[in-house]
Structure formats: structure tokens, C-alpha cells
Undergrad: 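Supplied in C-alpha cells, the structure appears directly below.
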Amino acid sequence: MTAFWTEPDFDAHEQLQFVHDAASGLTAIIAIHSTHLGPAAGGTRFWHYAQPDAAIRDALRLSKGMSYKNAMAGLPAGGGKAVIVANEARSKSPEMLIAFARAVDQLGGRYVTAQDVGMTEADMVALSKVTNHVAGLPDQGGDPGPYTARGIYLGVKAAAKRALGATDMKGVRVAIQGVGSVGGGLARHLAADGAELILADINADHAAAMAEELGGSSVSTDAILSTECDVFSPNALGAILTEQSVAQLNCKAVAGGANNQLATGSEDQLLVNRGILYAPDYVINAGGIITVLRVIDQAGDKEINARIDKIPGRLDEVWDESAKTSTAPGAVADAMARKLIGR
Ligand code: NAD
């Protein structure tokens with residue numbers, strides 16, 4: 001194994017904590033990228049990695065991403081991420097969660113965790129029995145999905161305004177890929193505003209039922225990419241924007257909640273080349289992480305929603321700078337985030 005600081009994903013991370021608990025079989029990594037703006041906040045992922053190095057790379061890459069996201073959301077929080085290395089059967093035990101929570105607690109609040117892929121709300125409750133440094137618990141508002149959806153809705157409106165000059169969403173055609181917690185919530189907000197919805201989900205029946213309920217239409221998961229629309233909103237998978245998919249798009253703007261939409265990190269330039277406005281994913285989808293304010297600032301819904309209301313303004317800053325400097329929006333957002341975290 002190579003030393004982690006020679007990894008391309010190493011970015012002067014402040015701390016990389018390896019956790020091993022023989023009794024429970026826990027192996028975990030807690031990566032703290034930056035605490036420049038406050039405690040490092042970011043979820044815990046429970047995942048099986050074929051190669052152990054991949055777990056370290058994920059922790060390094062995702063924690064840096066959280067620094068950027070939290071900084072651009074204006075949160076008094078730095079960036080961190082934890083990875084619990086699952087076995088092939090992905091078996092998880094209460095003892096394992098207790099050992100992990102102890103490790104989080106020993107960091108004394110330098111890292112605040114939340115739910116991510118492979119962890120359930122019940123798992124987060126189990127962690128909270130051992131440590132206070134847990135966000136997104138049921139008695140703190142629970143599922144961050146609706147907050148994320150609201151931020152994306154505001155961002156889609158900002159994108160429609162910038163790309164089409166639309167002052168409201170009436171008749172604006174929005175194609176939504178993935179109508180789960182975030183995409184489904186977005187669809188409801190947009191339907192209430194009179195937008196024209198085109199929905200797709202691998203669960204085709206769900207997309208069709210939602211289209212019927214909200215008065216839109218549904219298409220196959222293959223067709224959604226090239227559907228003629230004003231805004232394409234990816235709310236399912238990461239790495240959805242590739243050279244091939246960007247060439248297929250038939251929209252004026254891409255604005256959605258899926259994490260890590262740019263397959264190699266530079267497809268935002270391809271969007272610029274095609275005259276398509278891009279809302280950087282981690283700027284528009286920060287609504288969920290903003291709820292961490294409940295834990296780090298004892299904030300209530302009013303303060304949280306006020307912070308989510310600022311997402312369109314942040315997108316406008318990115319787009320203004322992008323236009324001024326002829327730099328793709330994703331690269332502009334990264335540069336702004338790095339400045340905010342003192343890098
Ligand atoms: P979810 O599991 O509730 O919904 C995802 C939906 O996408 C499901 O309905 C699934 O069937 C569908 N889907 C999967 N593959 C698809 C495909 N190829 N084509 C079309 N649909 C497909 O998840 P979610 O919480 O709504 O999250 C959606 C995205 O937003 C993810 O990328 C997630 O990382 C990101 N995100 C979520 C939050 C949050 O608060 N939930 C916050 C930030 C980012």
C-alpha cells in the first residue's frame with residue numbers, strides 16, 4: 001500500500017483517523033479535511049470495498065468535498081467524512097456501531113457525523129446513545145431529504161431565471177431523473193408552481209404514478225437525458241454528466257441534487273461549450289447538510305430555512321464569476337470554496 005499522503009486525493013487533510021475494534025470487528029476511517037470554519041461535518045458511509053485503498057481514497061475525497069459544500073453553504077462547519085469498511089456480506093452489528101460512536105466521541109466534537117449511504121436513521125440513533133456529535137436524528141427533524149429538495153427547488157428556479165429569463169415556473173419544462181426523496185420532493189414543489197414535469201425513475205411505476213398525481217408525464221430512464229426541456233434535473237446517480245451524456249442533453253440548464261454529477265470533474269466545461277448553464281451539485285444540494293446547524297448551533301427550522309434561502313444567491317455569485325472569467329461554474333465554485341477555507 002502506498003502512503004496516503006502520496007494519494008492524488010490527499011489535500012493536506014488535517015487528520016485521518018483509523019479505527020479498529022477487534023471485539024466488534026469494526027474497521028473505519030474518519031477523515032477530517034478542514035476545521036478552518038468549524039467542526040468537520042459530513043456523513044458516515046457503510047460500504048464494502050474490494051480494495052482497502054479505495055476506502056481511504058473515498059474518505060479523503062468525500063471529506064474534501066464536504067469542506068467545499070459546507071463552506072459554500074455559509075456554514076460554521078468544516079469538512080469531514082467517515083467510512084465504515086463493511087465485509088462482503090455487509091453485516092453490521094450494534095457492537096460495531098457502539099465502537100464507531102466511541103471513536104467519533106473521542107474526537108471531542110472535531111467531527112460531527114450524519115447519515116450517508118448504507119447507514120439508516122436507526123443506526124444514527126444508535127450512535128447518538130454514545131456520542132452527542134450526531135446530526136439528522138428523528139427528534140432533530142430527521143430525514144434531510146425535504147430540506148435538500150427545497151434547496152434544489154430554489155436553485156432550479158434561479159437557473160430558469162438565468163437561462164430562460166423566467167420570472168416564475170409556470171410552463172417551464174423540467175425533466176427530473178430520479179423521483180426518490182429529493183427528486184420527488186422537487187417535483188411536488190415545481191408542480192405547485194405550475195411547471196411542466198417529465199419524470200423518470202428505474203422504478204417506472206413510481207415515476208408514472210407521480211406524473212399522474214402531479215399532472216406531468218413520465219419517460220424511460222434512457223429517454224430522460226435527451227428529453228426536450230428547459231431544465232434537466234439529475235436526482236439519482238453520481239457521474240451522470242459524461243462526454244456522451246452532455247452531447248445528448250436537450251436543455252438550457254442542468255440543476256439537480258445528485259452528488260458528484262461531473263464524471264471526471266471537468267464536464268462543466270463541455271456544458272459551457274454547448275451553452276448549457278450548470279448549477280454545481282454541492283452548491284445546489286446543500287439543504288440537507290444545512291440541517292447540521294441544529295447540532296453545531298442549536299438552530300431551529302427558521303434559521304435553517306433562512307440559510308437554504310441563500311442557495312440561489314450563492315449560485316448567482318458562481319454564475320456571475322463564471323461569466324466574468326470565462327471559467328466553468330464547477331471550477332469557479334471550487335476556487336470560491338478553497339478561498340473560504342483558507343487554502
Ligand atoms: P433516493 O434513494 O430516495 O432516490 C433516488 C431515486 O433515484 C430512487 O427513486 C431510484 O429508484 C432512482 N434511480 C436510481 N437509479 C436511477 C436511474 N439510473 N435513472 C433514474 N432513476 C434512478 O435518494 P435521495 O435521497 O433522493 O438522493 C438522490 C441523490 O441526491 C443522490 O445522488 C444523493 O447522493 C443526493 N443527495 C441527497 C441528499 C439528501 O438529503 N437525501 C442530500 C444531498 C445529495
Side-chain angles (χ1 to χ4, degrees), residues 41-47 58 61-62 65-66 68-70 72-73 75 77 79 81 113-121 124 135-138 140-156 174-189 197-211 218-227 229 232-242 244-245 248-249 254-263 279-294 304-305 307-308 311:
T44 294
R45 182 166 287 196
F46 181 85
W47 195 250
D58 235 12
R61 188 175 53 80
L62 296 169
M66 290 312 300
Y68 287 15
K69 181 186 277 204
N70 296 342
M72 289 299 273
L75 291 174
K81 198 92 182 185
T113 195
Q115 202 174 323
D116 195 63
V117 179
M119 295 290 279
T120 64
E121 197 171 89
M124 302 322 287
L137 297 167
Q140 301 166 339
D143 179 13
Y147 295 90
T148 305
R150 186 167 162 270
I152 292 159
Y153 159 65
L154 298 175
V156 166
V174 185
I176 304 182
Q177 179 190 46
V179 285
S181 171
V182 171
L186 169 68
R188 286 179 197 288
H189 282 294
L197 300 179
I198 306 117
L199 312 177
D201 199 289
I202 42 169
N203 183 342
D205 290 346
H206 179 50
M210 194 166 241
S218 66
V219 297
S220 72
T221 52
D222 286 340
I224 193 78
L225 270 171
S226 53
T227 292
C229 60
F232 170 66
S233 185
N235 294 285
L237 312 167
I240 184 65
L241 299 171
T242 62
Q244 292 74 22
S245 71
Q248 285 179 57
L249 291 173
V254 173
N259 276 314
N260 305 316
Q261 291 168 27
L262 307 175
D281 45 18
Y282 64 84
V283 180
I284 192 172
N285 75 12
I289 193 65
I290 287 174
T291 64
V292 78
L293 281 172
R294 287 191 216 281
I304 286 166
N305 279 316
R307 177 62 63 191
I308 293 172
I311 289 176

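Throughout, numbering of the chain's residues begins at 1 and tracks the sequence. Each ligand, and each atom within it, is numbered from 1 in the order the structure gives. Every heavy atom of this structure was used, including side-chain atoms; hydrogens, water molecules and symmetry mates were not.
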Undergrad: Just which atoms of ligand 1 are under 4.0 Å from any heavy atom in P144?
TA: 40 (O)
Undergrad: Nearest protein heavy atom to atom 10 (C) of ligand 1, by residue and atom, and its distance?
TA: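 Answer for atom 10 (C) of ligand 1: D201 OD1, 3.4 Å.
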Undergrad: Under 3.5 Å, is there a donor-acceptor pair between the D222 and S220 side chains?
TA: no
Undergrad: Which residue and non-hydrogen atom of the protein lie closest to atom 4 (O) of ligand 1, and at what distance in Å?
TA: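 Protein heavy atom with the smallest distance to atom 4 (O) of ligand 1: G180 CA, 3.3 Å.
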Undergrad: What protein heavy atom lies closest to atom 30 (O) of ligand 1? Include the residue and the distance to one decimal.
TA: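 Here the closest protein heavy atom is G257 O, 3.4 Å.
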Undergrad: Ligand 1 versus D143, non-hydrogen atoms closer than 4.0 Å: side chain, backbone, both, neither?
TA: neither
Undergrad: Starting from atom 32 (O) of ligand 1, what is the nearest protein heavy atom, named by residue and atom, and what distance separates them?
TA: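 For atom 32 (O) of ligand 1, the nearest protein heavy atom comes out as A236 O, 2.9 Å.
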Undergrad: Is the closest N or O pair between G238 and ligand 1 shorter than 3.5 Å?
TA: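 No, since none of the N or O atoms of G238 sits under 3.5 Å from an N or O of ligand 1.
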Undergrad: Return the residue, atom name and 0.1 Å-rounded distance of the protein heavy atom closest to atom 3 (O) of ligand 1.
TA: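 Checking every protein heavy atom, the shortest distance to atom 3 (O) of ligand 1 gives S181 N, 2.9 Å.
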Undergrad: Minimum heavy-atom separation for A211 to S218, with atom names?
TA: CB-N, 4.0 Å
Undergrad: Closest approach of G184 and M210, non-hydrogen atoms and distance?
TA: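 In terms of heavy atoms, the two residues are closest at CA-CE, 3.7 Å.
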Undergrad: Look only at interatomic distance and state if N285 has a nitrogen or oxygen under 3.5 Å from any nitrogen or oxygen of ligand 1.
TA: no
Undergrad: Do K81 and D116 meet the salt-bridge criterion of a basic N to acidic O distance under 4.0 Å?
TA: yes
Undergrad: What atoms of ligand 1 come within less than 4.0 Å of a heavy atom belonging to G145?
TA: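 Close to G145: 40 (O), 41 (N).
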Undergrad: Of the choices D222, T221, L225, which has the non-hydrogen atom that lies closest to atom 19 (N) of ligand 1?
TA: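 It is T221 that holds the nearest heavy atom.
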Undergrad: Which atoms form the tightest heavy-atom contact between G288 and T148, and what is the distance?
TA: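 Residues G288 and T148, closest heavy atoms: N-OG1, 3.1 Å.
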Undergrad: Answer yes or no for atom 23 (O) of ligand 1: protein heavy atom present at a distance under 4.0 Å?
TA: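 No, there is no protein heavy atom closer to it than 4.0 Å.
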Undergrad: Testing the basics here: between I308 and I290, what is the closest heavy-atom pair and its distance to 0.1 Å?
TA: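 Scanning both residues, the minimum pair turns out to be CG1-CD1, 3.9 Å.
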Undergrad: Provide, to 0.1 Å, the distance between atom 34 (O) of ligand 1 and the closest protein heavy atom, together with that atom's residue and name.
TA: N259 ND2, 2.9 Å
Undergrad: Note the single closest protein heavy atom to atom 18 (N) of ligand 1, along with its residue, its atom name and the distance in Å.
TA: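 Result for atom 18 (N) of ligand 1: L237 CD1, 3.4 Å.
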Undergrad: If I compare all heavy atoms of E121 with all of P138, which pair ends up nearest, and what's the gap?
TA: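 Of all heavy-atom pairs spanning E121 and P138, the closest is OE1-CG, 3.4 Å.
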Undergrad: Please work out whether any backbone atom (N, CA, C, O) or any side-chain heavy atom from C-beta onward of T148 is under 4.0 Å from ligand 1, and answer side chain, backbone, both or neither.
TA: side chain
Undergrad: Are any non-hydrogen side-chain atoms of K69 and L75 less than 4.5 angstrom apart?
TA: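 Sidechains of L75 and K69: no contact.
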Undergrad: Checking side-chain contact (heavy atoms from CB on, under 4.5 Å) for the pair T44/Q115: CA distance, chi angles, key distance, verdict?
TA: CA-CA 6 Å; T44 294; Q115 202 174 323; over 6 Å; no
Undergrad: Which option, L186, N235, I284, N203, owns the non-hydrogen atom nearest atom 28 (C) of ligand 1?
TA: N235
Undergrad: For N285 and N259, which I'm curious about, is there any donor-acceptor pair between the side chains at under 3.5 Å?
TA: yes
Undergrad: With side chain to side chain contact (heavy atoms under 4.5 Å, CB included) as the test, pick out the partner of N235 among I240, V179, I176.
TA: I176
Undergrad: If we ignore hydrogens and angles and just use 3.5 Å, is the side chain of D201 paired with the main-chain N or O of H206 as donor and acceptor?
TA: no
Undergrad: Is it the case that ligand 1 has an N or O less than 3.5 angstrom from some N or O of H206?
TA: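 Between H206 and ligand 1, no N or O pair is found under 3.5 Å apart.
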Undergrad: At under 4.0 Å between heavy atoms, is it the side chain or the backbone of I202 that contacts ligand 1, or both, or neither?
TA: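 Both of them.
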Undergrad: Taking distance alone, with no angle check, do V182 and ligand 1 share an N/O pair under 3.5 Å?
TA: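 Between V182 and ligand 1 (N or O atoms, distance only) the closest approach is under 3.5 Å.
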